[in-house]
Structures are given as C-alpha cells and as structure tokens.
Amino acid sequence: RKEVEQDPGPFNVPEGATVAFNCTYSNSASQSFFWYRQDCRKEPKLLMSVYSSGNEDGRFTAQLNRASQYISLLIRDSKLSDSATYLCVVNSGVWGYQKVTFGIGTKLQVIP
Amino acid sequence: DAGVTQSPTHLIKTRGQQVTLRCSPISGHKSVSWYQQVLGQGPQFIFQYYEKEERGRGNFPDRFSARQFPNYSSELNVNALLLGDSALYLCASSLGVGSTDTQYFGPGTRLTVL
C-alpha cells in the first residue's frame, strides 16, 4: 500500500461546480497535512494546511479525519483558474526529522 | 523577498555523466529539502538538510548526494547518470524541521539525460 494515495483523475468539471478530492495515508503517526497546487511544468505551491478541526480559505475547505486516515479538499464555485494538479502531502516525521510524502496528485480541469 | 532559487533551469546530460544542482533558500530559512519529480508523479523526497546536517534521506541510490553550506544554500549531486534520472528536481526550503514547518518550493531544475 502506498503511503499517500490519491485518485489521479482527471476530474473534468464545469465552471461553478463543487468538486471534492480525497487522499488517504497509511501512517497513523503522521503529524501534519497539506494540500499543494501544481500548475503544468511549475513548482508546487502551498494551498493550505489541514487541521483536525477543518479549515476554510475562501472557496476552499480542507478536512482531516484521523480515525479513517484521510484528508479532503473541497472547492466550491470552481473557476477556470482552478485547473491544476492538487497534491496531498503528509509529514510523518518527528521533531528534528521530517518525512514528507506526496501523493501522485489529482488533476482538475475546469471547463467553460 | 526573494523566494527559493535554483540553478540551472534546464540541463541536458548524457548517461554516465555527473551533475550538480544548486539551491538558495528563502532568507532566514535554515532547512533545505530536495525532491525528484518524474512526469505524471508526485515529488519524491531525496534529502533534507538542516544547519548543514542531513536530517532525512529518501529511498535513492548512493549516486545521489547533497550538502548544505554555512549560508544554508545547498547542492545536489548525481553521479553516473541514468536515463531514469531525467526529471524535474525541486528544492524546498523551510524555517526548520518541525512537522508543521511549511516547505516552499523553487522553480526546479529540469534534467534530461540522453
């Protein structure tokens, strides 16, 4: 089993739609969780950290479910500019040592 | 403030050659990590350095090595290049090595091995 698993997609959604991505992780000792966005042939950029209480940033909402070991990303009112690959990232290191694992990424294509 | 910078941007090498990639972290960041990203995959962790010490190593062969300098910049070296080493090499910097320290990525070096 992969340490971090994501559905690679692609997810093709119309503008204005709501889309959700899930990501599962295998290490129950994982400490922190992130969603990164990566545009074609560009570097990953932090979209948001993910907390147990859930967090929201505008149209984006991230949730963490430690019991089931998955994190989710919800995008509301999709824009054409949201088209990108969304990478799930899990850090299972302890202090002084980071073990950062990326998922394969989920490709989103928002269509007019 | 300048972000993470990497050089060169692109590189073409032939099998068996050696390559050195360079990274300068965000000012004030003491940790640098290196990742390899092949087409269609997520970045794979290679190394992490903090205060010039190796703090993490991914599942890569000994042909891959790295170091960090007193100014926190870093180099990644790959010896005896293979075709499969063709990838985007990403450098990320963070303030420290805590589990919640966010990593910020540079634009990457695209390595092609012929």
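In the text below, chain A, chain B and the rest are named by the order of the sequence lines, each starting its count at 1.
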Does any heavy atom of chain B fall under 4.5 Å from the side chain of [X], the backbone, both, or neither of them?
{"X": "A:Leu87", "value": "side chain"}
{"X": "A:Gln6", "value": "neither"}
{"X": "A:Phe33", "value": "neither"}

Which of the residues A:Gly105, A:Pro8, A:Ser30, A:Ser32 is involved in the greatest number of heavy-atom pairs with chain B at under 4.5 angstrom?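 The answer is A:Ser32.
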If you measure from the Lys or Arg side-chain nitrogens to the Asp or Glu carboxylate oxygens, is any gap between A:Asp82 and A:Arg59 under 4.0 Å?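 Yes.
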Indicate whether the side chain of [X] and that of [Y] have a donor and an acceptor atom separated by less than 3.5 Å.
{"X": "B:Thr20", "Y": "B:Asn77", "result": "yes"}
{"X": "B:Ser33", "Y": "B:Gln103", "result": "yes"}
{"X": "B:Gln36", "Y": "B:Tyr89", "result": "yes"}
{"X": "B:Glu75", "Y": "B:Gln68", "result": "no"}
{"X": "B:Gln48", "Y": "B:Ser31", "result": "yes"}

Are there residues of residues 105-114 of chain B that reach to under 4.5 Å of chain A by heavy atoms, and which ones?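 The stretch touches chain A at B:Phe105, B:Gly106, B:Pro107, B:Arg110.
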Do the rings of B:Tyr35 and A:Phe102 sit parallel, tilted or perpendicular, given the 30° and 60° boundaries?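 Taking A:Phe102 first and then B:Tyr35, their aromatic rings stand perpendicular (interplane angle over 60°).
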Does the ring centre of A:Phe11 sit less than 6.0 Å away from the ring centre of A:Phe21?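 Yes - the distance between ring centres of A:Phe21 and A:Phe11 falls below the 6.0 Å cut-off.
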